[in-house]
Amino acid sequence: MRVADKKRRRLWDAVLISALLLLALVSVLVLVLTRDRGGVVEVIDDGVTVATYRLDRDGEYSLGDGTNILVIEDGAAFMKWASCPDGTCIGVGKIRYNGQSIVCLPNRICVIVKGGSTDVDAVIG
Amino acid sequence: MSRTKRLTTLAICVSLALVLSYLESLIPAVVPIPGIKLGLANIAVIFLLYRLGALPAVCVSALRVVLLALLFGSPVSMIYSAAGALFSFAVMLLLKRLTPLGTVGVSVAGGVCHNIAQIAVASVILGTNVILYYLPFLLLSGTLAGVGVGLASALLIKKVKL
């Protein structure tokens with residue numbers, strides 16, 4: 001391959017990578033800067049919402065016929081135990097912001113943080 | 001290249017892909033979607049794509065998916081991993097043939113597509129699309145990982161004597 005050809009390829013690579021990085025950084029920043037604490041977690045089992053738990057009430061819940069155990073503590077939720085072979089859902093740790101989720105793919109369970117910011121936007125005085 | 005040599009080269013590449021997959025599985029998940037990873041195993045696939053052609057590359061990729069699922073995963077993870085590998089391979093092959101992208105560019109595109117396909121399949125399995133929230137993070141990690149994988153592959157493609 002001639003040098004000019006290689007340089008052309010490197011240029012296109014750089015264009016692609018820069019564009020992707022820009023898109024990625026902007027979207028990540030937007031998500032991170034606009035995140036707010038959630039009010040509840042919704043448990044979705046096989047595409048069906050089966051339960052909703054408030055994040056401000058500590059508790060331990062059994063999901064999906066005992067295949068997963070969810071714990072809510074100090075406004076955050078995490079998976080304490082799961083019957084799946086990979087344990088990714090446990091490794092995720094705590095979630096507390098709207099949009100965050102814990103997923104146990106083999107058991108088809110998804111726990112997502114939703115809603116519940118306070119009613120007022122600002123308090124003056 | 002003799003048939004025996006080709007056979008052993010491909011076998012080594014499969015082993016390489018498996019070991020790389022195992023190594024990256026030791027890194028904790030950034031995102032709560034199982035299987036979302038750096039894609040280090042693609043180093044072997046891309047190396048073959050550029051040195052021996054599409055057919056050996058896709059065979060090694062397929063073998064990696066099956067063996068990985070049998071060794072470390074579950075039937076669910078295999079479907080999921082297969083979708084990612086298939087889509088990313090198709091994209092990489094097309095980009096290699098039709099666009100003026102180099103090894104690194106192709107690898108980045110492959111890595112990002114792999115992650116996109118996995119999110120899509122995971123969404124279908126779960127029956128909800130809430131995890132699309134993580135697409136930006138995957139785009140970021142996928143691009144960076146793709147650059148790393150691409151550079152490693154480029155080095156191998158240039159230096160390894162077959």
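Chain identifiers are assigned alphabetically (A, B, ...) following the order of the sequence lines, protein sequences preceding nucleic acid strands; residue numbering begins at 1 within each chain. Treat the numbers as computed from the prediction; the structure is a model and nothing was measured.
Here the CZ atom belonging to Arg8(A) is positioned 10.0 Å from the CG atom belonging to Leu101(B), to the nearest 0.5 angstrom. With rounding to the nearest 0.5 Å, the separation of CG in Leu140(B) from CG in Leu23(A) is 10.0 Å.
Connection of Leu139(B) to Leu135(B) is established within a shared hydrophobic cluster, with ILVMFWY side chains joined at heavy-atom distances below 4.5 Å, either directly or through further cluster members. Placement of Leu93(B) and Leu86(B) in two distinct hydrophobic clusters is found when ILVMFWY residues are connected by side-chain heavy-atom separations under 4.5 Å, directly or transitively. Following chains of ILVMFWY side-chain contacts shorter than 4.5 Å, one cannot reach Val66(B) starting from Leu7(B), and the two form parts of different hydrophobic clusters. When hydrophobic clusters are built by joining Ile, Leu, Val, Met, Phe, Trp and Tyr residues whose side-chain heavy atoms come closer than 4.5 Å, directly or via intermediates, Met92(B) is grouped together with Leu138(B). In the hydrophobic clustering of ILVMFWY residues, with side-chain heavy atoms under 4.5 Å counting as a link, Val112(B) and Ile43(B) come out together.
Within the 4.5 angstrom heavy-atom criterion, only backbone atoms of Thr99(B) (N, CA, C, O) approach chain A. Heavy atoms closer than 4.5 Å to chain B are found in both the backbone and the side chain of Ile17(A). Only the backbone of Ile109(A) comes within less than 4.5 Å of a heavy atom in chain B; its side chain stays farther off. If you measure heavy-atom distances from Val147(B) to chain A, the contacts under 4.5 Å come from the side chain alone. With a 4.5 Å cut-off on non-hydrogen atoms, Thr103(B) touches chain A through its backbone but not through its side chain.
Counting heavy-atom pairs closer than 4.5 Å to chain B, the top residue among Ser27(A), Gly99(A), Cys110(A) is Gly99(A). The greatest number of non-hydrogen atom pairs below 4.5 Å with chain A, out of Val108(B), Ile125(B), Val106(B), is found for Ile125(B). No other option in Leu16(A), Val28(A), Leu21(A), Val26(A) has as many heavy-atom pairs under 4.5 Å with chain B as Val28(A).
In this structure, Trp12(A) places its CH2 atom where only 12 or fewer heavy-atom neighbours from other residues, nucleotides or ligands lie under 6.0 Å away.
Remark: the backbone N or O of Leu126(B) is not paired with any side-chain donor or acceptor of Arg108(A) at under 3.5 angstrom. Tyr134(B) places a side-chain N or O within 3.5 Å of a backbone atom of Ser101(A) that can act as its donor or acceptor partner.
Counting only residues at least two apart or on different chains, the salt bridge (Lys or Arg N to Asp or Glu O under 4.0 Å) pairs with a member in residues 8-25 of chain B are Glu24(B)-Lys37(B).
The two residues Gly102(B) and Asp13(A) have their closest heavy-atom pair at N-OD1, 2.7 Å. Summarising the geometry of Tyr133(B) relative to Leu31(A), their closest heavy-atom pair is O-CD1, 3.3 Å, with the distance given to 0.1 Å.
Residues of residues 47-54 of chain A having a heavy atom under 4.5 Å from any heavy atom of chain B, listed by number: Gly47(A).
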